[in-house]
Amino acid sequence: MLGLLVASLALALAFFALLDGWYLVRVPCAVLRARLLQPRVRDLLAEQRYVGRVLPSDLDLLLHMNNARYLREADVARAAHLTRCGVLGALRDLSAHTVLAASCARYRRSLRLFEPFEVRTRLLGWDDRAFYLEARFVSLRDGFLCALLRFRQHVLGTSPDLVVQHLCKRRVEPPELPEDLKHWIAYNETSSQQLRAESGLSDTRKDQ
């Protein structure tokens, strides 16, 4: 019995030391909670909120939340968001999947140790290849918007239009994208063209 306990502890330590343990646990838990314990969100454009708190493991040397942690928390919140609004289920039904192709972040004020916050996630729209989402980090101490993140979620195996059509049972026109998001999309496309030219690749081999 003692040997089994030691082996279990060693396995757990290896899981967290050699792999990104908390991430590999939190994302599936967030998806299961959204699927089994939270009501379905019928409005694809509705904002959803995911509550968090800055933990000691989130801190950098300046004792505020590490910049990379915002992306991590947004990733967990985005997985829950796409589950509740049915996008992940629709992708599974269509034998397709989605990957993060681009992101950008604007940091406005630091989140401090044990500060509670909300990640407010919403779908901004889509085009022929990707969904575009936003995550707002709002401090629950005073309501200040501490960080604003944007994501390009590329769809593989089908198209965003077909995913939305599968969910809504009809053809839905995508909403008009914000002007600043259009500039970011144009920047990404210009960057892709430049990088393909530098690599000697033809335009037929598209980025994700």
Side-chain angles (χ1 to χ4, degrees), residues 1-39 41 46-85 87-89 91 97-124 130-154 184 188 208:
M1 181 63 70
L2 180 60
L4 180 61
L5 178 60
V6 171
S8 298
L9 289 174
L11 185 62
L13 287 173
F15 177 72
F16 283 95
L18 303 177
L19 300 174
D20 198 348
W22 280 122
Y23 177 78
L24 295 176
V25 169
R26 289 185 64 205
V27 172
C29 286
V31 170
L32 287 174
R33 178 172 179 266
R35 181 176 296 168
L36 301 177
L37 301 178
Q38 295 179 308
V41 175
E47 180 183 85
Q48 297 182 44
R49 301 186 178 193
Y50 193 93
V51 177
R53 185 180 294 272
V54 182
L55 300 177
S57 59
D58 297 325
L59 299 179
D60 61 15
L61 294 176
L62 298 178
L63 301 182
H64 55 65
M65 192 156 91
N66 186 293
N67 293 345
R69 289 294 185 181
Y70 290 87
L71 294 169
R72 169 62 51 82
E73 294 302 311
D75 202 21
V76 176
R78 193 168 63 257
H81 176 92
L82 293 174
T83 299
R84 289 188 66 193
C85 67
V87 170
L88 290 188
L91 288 167
H97 65 283
T98 179
V99 295
L100 183 64
S103 65
C104 67
R106 181 186 176 204
Y107 303 103
R108 303 183 67 235
R109 192 183 77 187
S110 300
L111 286 168
R112 299 291 180 178
L113 181 61
F114 299 127
E115 185 171 355
F117 61 87
E118 279 184 339
V119 185
R120 300 178 181 177
T121 307
R122 64 188 179 115
L123 176 65
L124 299 176
F131 290 109
Y132 297 93
L133 296 101
E134 176 183 271
R136 294 176 173 236
F137 283 73
V138 178
S139 171
L140 293 180
R141 287 181 177 172
D142 57 8
F144 190 84
L145 177 59
C146 295
L148 176 66
L149 284 68
R150 295 277 177 81
F151 304 97
R152 183 178 190 267
Q153 201 77 28
H154 187 64
W184 182 58
N188 283 324
Q208 290 183 347

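Counting begins at 1 with the first residue of the sequence. Since we're looking at a predicted model, the values are computed, not measured. Every heavy atom of this structure was used, including side-chain atoms; hydrogens, water molecules and symmetry mates were not.
Between Ala46 and His81, the shortest heavy-atom distance links the atoms O-CE1, 3.5 Å. Residue Asn188 comes nearest to Ala102 through the heavy atom pair ND2-CB, 4.0 Å, listed as atom of the first residue, atom of the second, then distance. Val54 and Phe117 get closest at one heavy-atom pair: N-CE2, 3.8 Å. Between Ser110 and Glu115, the shortest heavy-atom distance links the atoms O-OE1, 4.1 Å. Contact detail for Ala74 and Val119: the closest heavy-atom pair is CA-CG1, 4.3 Å.
A donor-acceptor contact shorter than 3.5 Å links the side chain of Arg53 to the backbone of Phe114. With Arg122 contributing its side chain and Arg136 its backbone, the two residues share no donor-acceptor pair below 3.5 Å. Not a single donor-acceptor pair under 3.5 Å links the side chain of Ser103 to the backbone N or O of Arg150.
Here Leu111 contributes atom CG and His64 contributes atom NE2; the two are 10.0 Å apart, rounded to the nearest 0.5 Å. Atoms OG1 and CD, on Thr83 and Gln38 in that order, are 9.5 Å from each other to the nearest 0.5 Å. How far CD of Glu134 is from CG of Leu124: 5.0 Å, rounded to the nearest 0.5 Å. Considering CD of Glu47 and CD of Glu118, their distance stands at 8.0 Å, rounded to 0.5 Å. To the nearest 0.5 Å, the span separating CZ on Arg109 from CG on Asp142 amounts to 4.0 Å. We find the CG-CE distance between Asp60 and Met65 to be 10.0 Å, quoted to the nearest 0.5 Å.
Using a 4.5 Å cut-off on side-chain heavy atoms (C-beta onward), Cys85 and Gln48 make contact. A 4.5 Å side-chain heavy-atom check between Pro116 and Arg141 finds at least one atom pair inside the cut-off. Residues Phe137 and Leu149 are in side-chain contact: their nearest non-hydrogen atoms beyond the backbone lie under 4.5 Å apart.
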In a table with atom names and distances, give each donor-acceptor pair under 3.5 Å that connects a side chain of residues 22-35 to protein atoms at least two apart or in another chain.
unit_1, atom_1, unit_2, atom_2, d
Tyr23, OH, Asp75, OD2, 2.5
Arg26, NH1, Glu73, OE2, 2.8
Arg26, NH2, Glu73, OE1, 3.0

Next item on the list: Starting from the C-alpha separation in whole Å, work towards a yes-or-no answer on side chain to side chain contact (heavy atoms under 4.5 Å, CB included) for Leu100 and Gln153.
Entry: CA-CA 5 Å; Leu100 183 64; Gln153 201 77 28; 3.7 Å; yes
Note to self: I'd like to know whether Leu63 forms a side chain to side chain contact (heavy atoms under 4.5 Å, CB included) with Leu113, so could you lay out the CA-CA distance, the side-chain angles of the two residues, the decisive distance to 0.1 Å, and finally the verdict.
What the structure shows: CA-CA 7 Å; Leu63 301 182; Leu113 181 61; over 6 Å; no
Next item on the list: Using the side chain to side chain contact (heavy atoms under 4.5 Å, CB included) rule, take Leu82 and Leu133 through it: C-alpha gap first, then chi angles, then the decisive distance, then the call.
Entry: CA-CA 10 Å; Leu82 293 174; Leu133 296 101; 4.0 Å; yes
Check: Taking it one step at a time, do Arg152 and Trp184 satisfy side chain to side chain contact (heavy atoms under 4.5 Å, CB included)?
Finding: CA-CA 10 Å; Arg152 183 178 190 267; Trp184 182 58; 4.1 Å; yes
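Every residue two or more places apart in sequence or in another chain that forms a side chain to side chain contact (heavy atoms under 4.5 Å, CB included) with Arg108 is listed here: Arg106, Phe144, Leu145. For Asn67, the side chain to side chain contact (heavy atoms under 4.5 Å, CB included) test picks out Tyr107, with sequence neighbours left out. Residues forming a side chain to side chain contact (heavy atoms under 4.5 Å, CB included) with Leu5 (at least two apart in sequence, or on another chain): Leu9. Legend: residues meeting ring-ring contact (aromatic ring centres under 6.0 Å, His included) with Phe151, ordered by chain and number and at least two apart, are absent. Tyr132 pairs by the ring-ring contact (aromatic ring centres under 6.0 Å, His included) definition with nothing, not counting sequence neighbours.
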